[in-house]
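Worksheet for the structure shown next.
Computation of the quantities below employed the complete heavy-atom set of this structure, encompassing side-chain atoms and omitting hydrogens, waters and symmetry-equivalent molecules. When a ligand or atom number is given, it counts from 1 through the structure's own listing order.
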Amino acid sequence: MRRQRLDLEALEAVLLDMDGTLVDSDASVERAWTAWAGEYGADIARVLAVAHGSPAAHTVRRLLPALDASEVAEAARRQHALQYDDLADVAAAPGAHDLLAELDRLGLPWAVVTSADRRLAEARLHAAGIDPPLLLTVDDVRAGKPDPEGYLRAAARLGADPASCLVVEDSEPGLAAGRAAGMRCAALRGLDGDLRLLDLGQLAHLLRHARLRPWWRDAVGYQVYLPSFRDSTGDGWGDLAGVSAHLDHLARLAVDVVWLTPFFRSPMRDHGYDIADYRAVDPSFGGEAALDELLDQAHRRGMRVIGDLVVNHTSDAHPWFAAASSSRSEPRRDYYIWRDPAPDGGPPNNWLSHFGGPAWTFSPATGQYYLHLFRPEQPDLNWRNPALAAEIDAVIEHWLVRGLDGFRIDTAAYLVKDAGLRDNPPLPPGRLAPTLGTTLDWRRQDHRYDIHQPDVHAIHEQWRRVADRHGAFLLGEVYELDPVALARFVTGERLHSSFWFGLVETGWNPDRIDAMITAAVAASPRLSWVQGNHDRSRAATRYGGGMLGRRRSLALHVLMALLPGTAWLYQGEELGLGDGQVPPGQGADPLATAQPDQSRDVVRTPMPWRPGPGLGFTTGRPWLPGGGRLRSDTVAGQTGDPASHLNVLRRLLMVRRRLAGLLAVTDEVTRQEIGAPVTAYRRGDLWALANLRDTPSAEVELPAPAVFDSDDPAVTADRPKSGRIRLAPQQALLLAAR
Ligand code: NOJ
């Protein structure tokens, strides 16, 4: 049975446990119980194992069953006495103040419900600087947790329906109390709740987003290329259970939304971008149950999951195509694009496939050609047929009901073709279409008639109507590099956002990149920022390779952290990976056959989780070679090093999450001059600074305190840095004026 996603928009109250949840009192609790165990001759290991989360008297009774009631009361009193005065290191838990301030700002009632007695609770909360509007202690109830009475009373006092309350707990008895009260539960310390929180700051972030802006505004996204992320079965091919198993990796990167490349039933001629059944999960990815589990686990971490809507074409193994190609009079014939041969018997026009050769294949059974802008096994759908459009609306609805949070839309600007199927003009000799990822022949044409037709906006507007009913996000894959032209895809009721691929299609040129970003920011606040994906050479390689390429990519991530719109990581980018090595003859990409220099295999080699055979990706033989990764390329190899690419990105994205409230204040970003060749952008009270050059900058006065410094882990929101600074090559900072 699939669990209902927690609806943070509809919460009426938040009820928080105290010790270990709001207040970090672990050390003092341990000290008190250790002293107590010494006095009462109890086994200290057992004491520490059970002392957390229940009232002292319960714990005493459990540990020393021979004591009578008055002895138990006395022993509990003694335990409290040991705790009252020992508040030296009691402090607010990470994110507690952020959360409580957010609850107050949102006007969301909250209370503290604790198993401690009133005197201790007041002392601890006070020591942590927390003053709850309502405090229920063990003195207010007949029994402590796991009895639900405390939570039920708190809900009644706040006038909230228990079913609309969220309990936040860090212990099993507390969670049991919340559940018994009929409430939804958020759990810390890796415990299992409707939400699994890393810390309270994460809950603040989720509430802020759920209640103030659409969840996807300023979200951080992560692209999972499913075949290469993690294989859980040993067949060498990534799968959905592999993603579920590594969601905590994404949670530690403060990822808000995961894009899964296609998981639908497919013959995999283009590794999933050739769908044979839009409503089925391919068994090689783990089938339906694996998807349900992944959605559930992601949602419990407050993460959204979007799918990949591939509807420019289907697989030739789709039953629609089987029917369509069987006879000219078949009702589904018109789901695809068929034409008679040219007078010489050749293809109907000069359009080309991205993967080489003509975009038309002759079907002898019915004597006509069908169109395919990709492989012959990927026939293009006919978007001028309303029956087909209705089928796809229903597919979208199906998955949003099923639990997906939206879609990345494959080739979103293709779909509709010129009604007259006119020939594309050739480009003047020497000029090439700007986008890569195709054959050279394809780039020699002006693609005036086969792609990017204005009628496509009406399709997007229709999808928006479906998506908005579900609060879902539609993100286009549109290779329109001119941001002003791209902005037309994301105005009004069109797509919510679209990737802007300027940073994906470029090598390293600081001035150009600077100008491009400024132009993209000015064009629309609804663009999505991305440096790489499964179709183009990795950012670190394009930006110069090695450590230099990594640092350049990181500097751009710092700028991206400030810009309005969603900001994306392609799997492995958090490790600063460059392109993998794929020896000749070991690839699998259909494009590489026609255009070897555009091979996409090199960016699809397995995610390196740890050193050794299989890279922690598989226990079997991976479907693509390992890529020649070093230990220092792997997640395990980078985790322990505070200066690793992975840890710097984690720091960056955690700070960004903390700044989300300030980001939300305005979408307006302006380029700033700060007196040195340092790229600087400002958004309200926030700034991003990056030295995109390979030489140190002149000294500059920081216009606001730095809360993140790519080169100095000691700089944090709690320990900001001010004053004058010379930025090292590729050093980048985030600043917050308040
Ligand atoms: C874009 C996808 O990203 C790519 O991998 C695929 O080959 C084409 N669209 C065709 O679906």
Side-chain angles (χ1 to χ4, degrees), residues 221-229 238 259-276 278 282 306-318 321 336-337 351-357 359 371-381 383 392 395 407-415 417 433 435-439 442-443 447 450-452 456 474-481 489 495 498-501 504-505 528 530-538 568 570-571 579 587-595 598-605 623-624:
Y222 186 98
Q223 180 192 350
V224 166
Y225 185 68
L226 202 43
S228 303
F229 189 70
W259 151 31
L260 299 172
T261 54
F263 50 69
F264 312 95
R265 189 183 288 278
S266 163
M268 305 292 166
R269 306 300 293 266
D270 190 16
H271 308 112
Y273 286 93
D274 49 323
I275 296 173
Y278 282 112
D282 198 88
I306 63 172
D308 206 324
L309 189 67
V310 188
V311 291
N312 174 70
H313 45 267
T314 66
S315 158
D316 64 346
H318 196 293
F321 190 72
Y336 296 87
I337 300 170
W351 294 359
L352 297 174
S353 154
H354 289 55
F355 295 160
L371 179 71
H372 53 86
L373 294 183
F374 296 90
R375 283 181 80 127
E377 296 87 352
Q378 293 167 290
D380 277 40
L381 287 166
W383 276 94
I392 301 301
V395 167
F407 286 100
R408 171 263 191 188
I409 297 154
D410 189 69
T411 48
Y414 285 24
L415 312 182
K417 280 88 192 172
T435 47
L436 302 166
T438 60
T439 64
W442 193 92
R443 295 183 65 202
H447 291 276
D450 52 348
I451 60 174
H452 293 212
V456 81
L474 297 180
L475 169 63
E477 183 211 26
V478 180
Y479 275 91
E480 171 55 77
L481 300 184
F489 287 84
L495 299 174
S498 171
F499 287 120
W500 171 67
F501 290 114
V504 170
E505 296 279 12
S528 286
V530 60
Q531 295 183 30
N533 59 30
H534 64 295
D535 292 330
R536 298 291 191 275
S537 174
R538 284 183 177 273
W568 287 82
Y570 173 49
Q571 77 185 34
D579 292 349
D589 178 14
L591 172 60
T593 315
Q595 195 70 44
Q598 290 296 310
S599 168
R600 302 175 297 176
D601 291 319
V602 292
V603 297
R604 298 174 176 184
T605 57
W623 72 283
L624 277 178

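Checked by atom type, the side-chain pair H534/Y273 shows a donor-acceptor distance below 3.5 Å.
Partners of W383 under the ring pair (Phe, Tyr, Trp, His ring centres under 6.0 Å) rule, at least two apart in sequence or in another chain, are W463. When the ring pair (Phe, Tyr, Trp, His ring centres under 6.0 Å) test is applied to W442, the partners found at least two apart in sequence or on another chain are H354, H447. Applying the side-chain contact (heavy atoms from CB on, under 4.5 Å) rule to S353 yields the partners F355, H372; only residues at least two apart in sequence or on another chain are considered.
In summary, D282 and R265 do not engage in a salt bridge, as defined by a charged side-chain N under 4.0 Å from a carboxylate O. Remark: D579 does not engage R600 in a salt bridge, criterion side-chain N to carboxylate O under 4.0 Å.
Protein residues lining ligand 1, listed by chain and number: D270, Y273, H313, F355, F374, R408, D410, T411, E477, H534, D535, R600, R604 [non-hydrogen atoms, distance under 4.0 Å].
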